[in-house]
Structure formats: C-alpha cells, structure tokens
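Have a look at the structure below before the remarks.
Just so you know, ligand 1 is whichever comes first in the structure, and atom 1 is the first atom listed for that ligand.
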Amino acid sequence: MASSEQPRIQWLGRWGFVLAATGSAVGLGNIWKFPYITGEYGGGAFVLVYLACIFVVGVPVMMSEIAFGRRGRGSPIDAIRRVVNESGRSSVWSLLGWMAMLCGFLILSFYVVVAGWSFSYLWKMLTGSLVGTSVDDMAAVFGANNANPLNLGFWSTLVTLITMVIVGKGVQEGIEKNVGWMMPGLVIMLLLLIVFGMFSGGFGDAVRFLFSFNADSLSSEGMLAALGHAFFTLSLASGAILTYGSYLPKGASIGRTSISVAIADTAVALMAGLAIFPVIFANGMNPGEGPGLIFMSLPLAFQAMPLGTLFGILFFVMLSMAALTSSISMVEATVSWLCDNKGFSRRSAAWSTGIVLWLISTAAMLSFNVGADWTLAGKTFFDWLDYITSRWMMPLGGLGTVVLAGFVLKTETFRDELGLAPLPYTLWLAMVRYVSPLGILVIFADALGVYTVTLSVHWPWLLGILVLMGITGELVSPRLRKALTTR
Ligand code: TRP
C-alpha cells in the first residue's frame, strides 16, 4: 500500500465524500441525457430497466470501486495494481484502470460541449434573447447556437478552462465547498418546474409516459442504452468514483454511502423527467427530439411562468454548476495519476491534461457545424465518443470490476474493506459474482442479437432466475460458509 509515501489527502469527512460523489454523479447525465434518451427509447419500460440497472449493477459496482480506491489509495491504475498484488494476482488487471482513465477522458471531451450549451443558454437567459421565442422557433435557436463554430467553441473552451482551474486547485478546495449549496439549489429549481408542470396540462401525459410499463417499446438497443446510462449517471467505470474513493477516510461506510449516492442521483433524474416532459406534451413537442430536448423545451416553461426569467437564470446557473462538479471528477483520475507517477504538480497536471482535452473536445464541437458530415456509420465524432464510452467501455469496465472483486481477489480483502455485516456482505458478494455480471452479459448478448426470443418480453423472469441462482449459489458455496463462520 501507499503508506511509505506521504499520506494521501483525504476528504474532510464522510460528508465530503458523499457530497463530492453526489456532485460527480448528478450532472448533465441526469438533466440533459436521461430525459432525452428516455424520450428516444419510448418511456416507461426504458425507465424500469434503467432503475434495475442502477440498483442491481450500479450499486455493487460502485461499492467495489470505492473499495478498490480506498484499499489501493491511488489513481485507478495504481490502486487496482496494489489491490490485486496484495491478493497475489497479476498486475495485468491494472489494464482495467487504464481503460477507466481513458474512458473518463473521452467522456469529458464531449461533456464540455454539452456543458457549453448550458452556459450559452444561461447567457441567453441573462441577455433576454429567448424572450418571445415560440415553440416552433426553439429548434432553430438551438440550431443557430450550434451552427457557428466560434460561438460553440467559445463556450466549450470556457468550460474546459474553468474545469482545469478548479482541478488544479485540488480536491477539497475546489469540490467540497461548492457541492453543498449547489445540490439543494438544483433540487429546489426542479421542484419549482414540476409544480409549474402540474398546471401546464401535460403532467398526466408525462407521468404516463415515464411510469407506465409498455414492453413493446423496449428494444435490445434500448436496454443497452439503459445499462450504459446507469454507468454514466453514477460516474462508474471511468475512474471518477474510484479515485474519489481513494481519498475516503478509513471509518466511512462504503455500502451506506453508495446507496445514498445512487438514491440521490436517481431522484434527480426522475425529477428532471417530471420537470421536462409536461412541457413537451403540453406544447405538442416530440419526446424523441434528441440531444437538444431540454434546451428546446425548458425555455418555453420559463417564458410562461411568473418570474420566469429569474428562475430560468437560476436554473441554468445550477445546471452549469452541476456540469462542472461532474466534469472535474472525470479528469481527477488522470491528474492524480500524473501527480503520483510522473512527478507533476497538480497545477501542471491539470493544464497538460486540459490542452489534450481541448483538442479532442474541439473536434467533438465541430460535429455540430462544419464537421456535421464527417460521419462513420452514420455517427458523427461527437456521437462516437458518446457511443463507445456508454455502450462499450463502461459496461465492459464494470464487468471487469465485478469479476475482479468477486472472483479474482482473496475474499478477505473486500470483506475487510467493505466492513459489512455477514448478511449484507453475502448479498453484495452474490451480486458481484452472479447477478451483476450475468445482467451485463445478458444485455450485451441481447444487443448483439444472440437470442431468438426477445428479452424485452421475458427479462423479468430471467432476472428473477438470475437472482435465485446467485443466492442459492452463494448459500451452498462452502468457501463462503467458511468465510462467514470464521468472521
Ligand atoms: N455522472 C455524471 C452525469 O450524470 C457524468 C460523469 C461525471 C461521468 N463523472 C463521470 C460519467 C465519470 C462517466 C464517468 O452527468
């Protein structure tokens, strides 16, 4: 372990970590991406699969990642290597850490473009340029905002700069102080939008769209999207949570912390859905509009409500802040690796990362204007970054994490680190050994078209069988029984 080096800085307390992890989890994923992909994949059934993925796959993966971070006290690469070496396993597993680091970096390079949208809409709100825009013109406004590379590039560059300044300052200074007031603020704004939505005439449709289970609307593609989004929204398999876990003090409970973060994150996403879809339905807009969905709908709500400009400004301030508390977590892994291994100071690590990031994000930004035709298999560069990270890298990284935690490490390692009572520990182990990996594999296989029976119809049965198999498997496992009795 890292004890020979100087002690790693830590969060100020359990709250410091919960705040930072929630700040990382809650972001554009909840407010921008969740509503728009829910719209694209048809609502209720997608939401249900997403919720299942959060709690069946996401929470166990998150617990494992935090445990890896705290046990290994380092960036994903170093932490994983230390923990597997401790169990006498091969350092090759640290490749998972490399993939996570790369993934966080690639995500950030398109994330800053979306965060740039949020900043530019804040500016539009401040200057009043959206006043009087009708439903039909909203798409044109969004399009015009994207059409000029200098405009869009200005905003994404600004986001990159702010991110790097905060990251350069360090974890506690930059992160802990801001999340504490921002999170409640965001929740208040969303509640306000929901209350407004209740009177807008579209609320019933929105609730039905989000919560009525309609199995026909669910495709294999949609299930993979739900799985990928569960990883994205919890900031998993991309180094963020693992690195934050490496700053977690010994005594804090990993299980309780992970569940709180998952619940907070899910609550914000569902609230965002309840805030946005009433506006969509009341105005006869198309829920499958795509990435511009919230930017085309919410300004309409702000125009129609009393004190709308003020609330609109506050909302986009909160959204931009939420984006920043997430963006800083995506480079934390790279920066902490550069500092620990390559002798960089935090500041120079942040700036060097920032320059490379800026180049990639500029290319991603061009996908909305001059580079709109640079496509491969129908996807722009921006689309590819999103697709590769969410559909492939994160689910595969998550699979690697649970296999590592469940089968490769010595059982004692994580039993110590998680510090759970026997029953919750057994449950966690059953999840990481059977339920989560099989869940991920089933969805992958389905997306690759391996089955002839459509899983979208039979998945509740399959899930039930998997859970039962997992539990019985664990109950009869002599190794585990021994582990539990010697505890
Ligand atoms: N979870 C964030 C969101 O929902 C996005 C995010 C932050 C992220 N850090 C990450 C996604 C690391 C993947 C990896 O907006």
Close approach of Tyr111 to ligand 1, heavy atoms, under 4.0 angstrom: yes

Contact between Val84 and Ser94 at the side-chain level, heavy atoms closer than 4.5 Å - yes or no? no

Which atoms of ligand 1 have any heavy atom of Thr233 under 4.0 Å away? 1 (N), 4 (O)

Can you sort out which atoms of ligand 1 are near Ala240, meaning under 4.0 Å from one of its heavy atoms? 12 (C)

Mark up the atoms of ligand 1 that fall under 4.0 Å of a heavy atom belonging to Asn30, in ascending order. 4 (O)

Using distance alone, with no hydrogens and no angle criterion, decide if Lys33 and Ser390 have a side-chain donor and acceptor under 3.5 Å apart. yes

What do you reckon, does Gly29 have a nitrogen or oxygen under 3.5 Å from a nitrogen or oxygen of ligand 1? yes

For a quick check under 3.5 Å, do Glu65 and Tyr244 share a side-chain donor-acceptor pair by atom type? no

For atom 11 (C) of ligand 1, what's the nearest protein heavy atom and its distance? Phe232 O, 3.3 Å

For Phe368 and Trp117, I'd like to know if the aromatic rings sit close, meaning centre-to-centre distance below 6.0 Å. yes

Quick one about Asn146 and Asn369 (side-chain donor to acceptor, distance below 3.5 Å, no hydrogens or angles considered), yes or no? no

For ligand 1, which atoms have a heavy atom of Ser238 less than 4.0 angstrom away? 12 (C), 13 (C), 14 (C)

Side chains of Thr401 and Ser64, donor plus acceptor under 3.5 Å: no

What I want to check is whether the side chains of Ser24 and Ser329 have a donor and an acceptor closer together than 3.5 Å. yes

Verify whether one side chain among Thr380 and Trp374 offers a donor that lies under 3.5 Å from an acceptor in the other. no

May I ask you to identify the nearest protein heavy atom to atom 8 (C) of ligand 1, giving residue, atom name and distance to one decimal place in Å? Ser235 OG, 3.6 Å

Protein contact of atom 2 (C) of ligand 1 - nearest heavy atom, named by residue and atom, plus distance: Ser24 O, 3.1 Å

Give the atoms of ligand 1, by number and element, whose distance to some non-hydrogen atom of Ser329 is under 4.0 Å. 7 (C), 9 (N)

Can you tell me if Ala25 has a non-hydrogen atom under 4.0 Å from ligand 1? yes

Check ligand 1 against Leu28 and write out every atom of the ligand that is under 4.0 Å from a heavy-atom position of the residue. 15 (O)

